[in-house]
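Down below is the structure, laid out as structure tokens.
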Amino acid sequence: SWSADEVALFRITGEIFINSLKKQKAEQTLVKSERNYREIFNATNEAIFIYDTHRGKVIDANPAALRLYGLTYEEVVGRSLDEYDQYLPGFRYKDVELKIQQAIREGSVEFEWQIQTKSGENRWVEISLKSTEIAGDSRIISVIRDTSERKKSQLLLSQNEERLRSIIRYLTDIIWIIDKDITISYESPSSHKVLGYAPGYLIGQNGLGIIHPDDMPVVMRDLKEVLQNTNDHIPTEFRVRHANGSWISLEVIANNMLHNPAINGIIITGRDVTERNRVEKALRISESKFRNIFNNSTDAVAIVSPNYSLLEVNEEFLNMTGYNAEESKRMKLTEMISDSYLPQVVDKLMKIFQHEYQPAVECEIIPKSKAAFPTEINSKLIEYEGEHVLISVIRNITERRFMENRILDTIISTEEQEREKFARNLHDDLGPLLSSIKMYINTLTSTTDKNKHDFVITQLKKIITEVIQSTKELSNDL
């Protein structure tokens with residue numbers, strides 16, 4: 001049998017053994033838990049620092065924290081906050097200490113922060129500080145999430161949104177968003193500028209209310225196609241009522257975005273084409289007038305391209321040259337000009353294409369089946385179907401040349417008659433006077449009588465005076 005002391009000893013020994021086993025199991029569990037914690041601590045992508053509030057030092061940091069700051073484990077662990085100045089330029093440790101004190105008071109704190117890495121790179125992060133106890137010791141666990149890329153995306157998104165707002169703000173085109181009931185839910189600022197209604201006036205109203213009744217069938221037909229997604233963004237033109245009661249023409253393109261939750265509507269983009277329609281109408285009238293003048297001109301008129309091809313000619317040009325319309329389209333103006341005049345004509349046409357003023361040029365045109373005849377070509381630079389071309393007015397100057405030649409012949413004949421008259425006057429008026437002078441001079445040389453000498457001198461003076469007067473009269477006749 002066992003004594004009481006032996007039993008008590010045996011019981012104590014058993015308890016010690018059991019406690020030892022429990023302690024060993026607890027230590028194994030702790031080691032396993034520590035291993036699991038360390039694996040999670042090291043594997044997480046978020047930077048984690050553990051800060052000892054009593055010692056004022058960082059006592060642990062995971063690999064993600066070291067990568068974020070570009071530091072080694074030795075540069076981080078076991079150091080107080082003010083020591084990081086030597087590794088991290090611009091590290092604001094006093095601000096960090098204030099945040100730690102706030103976390104101690106409030107239990108936790110979250111904030112956005114811009115850090116600077118060891119290499120000097122600035123990065124945006126979100127920091128979460130939590131005050132806790134680990135094994136009875138006061139600790140601050142700091143979890144840091146790198147938000148630089150998100151910040152860049154947010155900044156880019158913000159810039160894009162601001163750019164879009166600026167574009168819409170200064171866009172001259174109208175932008176509406178209407179729902180499936182045709183109620184206007186959005187209008188761009190340009191809507192006020194184009195239609196005259198106060199900003200926001202049209203929001204909540206049915207968009208069909210300002211459309212001209214006569215244009216309603218076209219609008220409803222195209223709107224039905226938009227709702228059925230069968231309209232390939234084909235523009236629709238219709239009239240809408242301006243705030244002042246007048247009607248303006250809009251060219252509109254609709255894009256069905258009802259399936260897009262962010263929009264949930266139909267985007268209407270429209271532009272005021274009232275002025276464009278007016279100009280087009282004026283151009284049609286102007287074109288008609290031009291055609292009438294062009295075709296009814298008594299002068300030949302040709303539209304000439306930069307390579308001198310005949311783009312268009314009028315009826316008088318065809319009559320003048322003997323070519324038909326189809327033949328003229330395959331020809332160049334330079335092919336109809338005589339070789340002797342061609343260099344001069346081409347030089348002037350080139351200068352006109354270079355925006356230099358050039359007077360009319362005279363040359364000879366070679367028609368299809370007749371002899372060459374003289375013409376005058378007067379060319380001007382114009383814009384024709386989006387291209388700079390020449391409009392050349394060609395005038396047959398055969399009759400003018402004939403009249404000029406007749407006038408020239410008359411002038412020459414008159415000059416010949418005048419020359420003959422001049423010769424006669426010289427002979428009839430000056431001839432006898434000069435013969436008298438010669439006779440008196442001979443008398444002077446043969447006489448010694450003073451009285452006769454003085455008489456001859458007197459007569460010579462009279463005759464010379466008469467010669468001078470006759471010369472003046474002849475000069476006046478010239």
Side-chain angles (χ1 to χ4, degrees), residues 279-280 282-419:
V279 171
E280 288 177 351
L283 284 175
R284 286 193 296 270
I285 296 173
S286 177
E287 173 71 10
S288 177
K289 291 180 178 178
F290 167 76
R291 288 291 164 195
N292 288 332
I293 297 172
F294 186 78
N295 290 323
N296 295 314
S297 173
T298 56
D299 291 325
V301 183
I303 306 295
V304 184
S305 73
N307 67 350
Y308 311 117
S309 296
L310 296 173
L311 301 177
E312 197 164 352
V313 298
N314 68 347
E315 290 294 329
E316 182 59 29
F317 183 93
L318 300 177
N319 294 334
M320 175 186 289
T321 61
Y323 294 98
N324 60 41
E326 289 301 319
E327 290 173 330
S328 68
K329 291 179 181 178
R330 298 191 295 268
M331 299 187 69
K332 295 183 177 183
L333 178 62
T334 50
E335 295 173 353
M336 301 181 179
I337 297 174
S338 298
D339 291 342
S340 57
Y341 291 94
L342 188 58
Q344 176 190 6
V345 173
V346 170
D347 179 66
K348 287 186 176 293
L349 295 182
M350 286 180 60
K351 289 180 178 178
I352 295 173
F353 272 116
Q354 295 169 359
H355 301 271
E356 293 184 24
Y357 169 78
Q358 293 293 313
V361 59
E362 292 187 4
C363 63
E364 286 186 351
I365 290 288
I366 305 173
K368 183 177 181 180
S369 57
K370 293 184 292 185
F373 56 87
T375 58
E376 178 186 78
I377 301 179
N378 194 357
S379 300
K380 300 294 180 185
L381 189 65
I382 64 168
E383 188 170 327
Y384 176 80
E385 296 183 353
E387 182 182 17
H388 282 99
V389 300
L390 296 182
I391 180 168
S392 295
V393 179
I394 305 169
R395 180 170 297 169
N396 188 331
I397 59 172
T398 302
E399 291 185 7
R400 192 182 79 185
R401 283 280 182 89
F402 176 75
M403 293 302 299
E404 288 175 351
N405 289 335
R406 288 197 61 181
I407 292 171
L408 183 61
D409 290 342
T410 301
I411 292 172
I412 293 173
S413 175
T414 302
E415 288 179 347
E416 288 293 335
Q417 292 174 6
E418 287 296 320
R419 281 196 292 271

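- With sequence neighbours excluded, the residues forming a side chain to side chain contact (heavy atoms under 4.5 Å, CB included) with Thr398 are Phe373, Pro374, Asn396, listed by chain and number.
- With values rounded to the nearest 0.5 angstrom, Thr321 atom OG1 is found 8.5 Å from Ile365 atom CD1.
- Put simply, CG on Leu342 and CD on Glu364 are 12.5 Å apart, with the number rounded to the nearest 0.5 Å.
- At least one side-chain heavy atom of Val301 sits under 4.5 Å from a side-chain heavy atom of Ile391.
- Val304 has its side chain out of reach of Val389: every pair of non-hydrogen atoms, C-beta onward, lies at least 4.5 Å apart.
- Between atom CG of residue Leu310 and atom CD of residue Glu327 there is a gap of 12.0 Å, rounded to the nearest 0.5 Å.
- Judged as a ring-ring contact (aromatic ring centres under 6.0 Å, His included), not a single pair has a partner in residues 307-333 (not counting sequence neighbours).
- Taking Phe402 as the reference, Arg406 meet the side chain to side chain contact (heavy atoms under 4.5 Å, CB included) condition, with sequence neighbours excluded.
- With values rounded to the nearest 0.5 angstrom, Ser328 atom OG is found 10.0 Å from Asn314 atom CG.
- The side chain to side chain donor-acceptor pair (under 3.5 Å) check on Asp299 picks up Arg395, with sequence neighbours excluded.
- Within the 4.5 Å cutoff, the side chain of Ile303 has no heavy atoms near those of the Leu390 side chain.
- Phe294 is linked by a ring pair (Phe, Tyr, Trp, His ring centres under 6.0 Å) to Phe290, counting only residues two or more places apart in sequence or in another chain.
- Partners of Glu356 under the side chain to side chain contact (heavy atoms under 4.5 Å, CB included) rule, at least two apart in sequence or in another chain, are Lys351, Gln354, Gln358.
- Taking the side chain as every heavy atom from C-beta outward, Ile397 and Glu362 approach each other to under 4.5 Å.
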Got a list of side-chain donor-acceptor pairs under 3.5 Å for residues 377-388, not counting sequence neighbours?
| residue | atom | partner | partner atom | Å |
| --- | --- | --- | --- | --- |
| Ser379 | OG | Ser392 | OG | 2.7 |
| Tyr384 | OH | Glu312 | OE1 | 2.5 |

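- With sequence neighbours excluded, no residue forms a side chain to side chain donor-acceptor pair (under 3.5 Å) with Lys329.
- Partners of Glu335 under the salt bridge (Lys or Arg N to Asp or Glu O under 4.0 Å) rule, at least two apart in sequence or in another chain, do not exist in this structure.
- With sequence neighbours excluded, the residues satisfying salt bridge (Lys or Arg N to Asp or Glu O under 4.0 Å) with Glu376 are Arg400.
- With sequence neighbours left out, Asn296 forms a side chain to side chain contact (heavy atoms under 4.5 Å, CB included) with Asn292.
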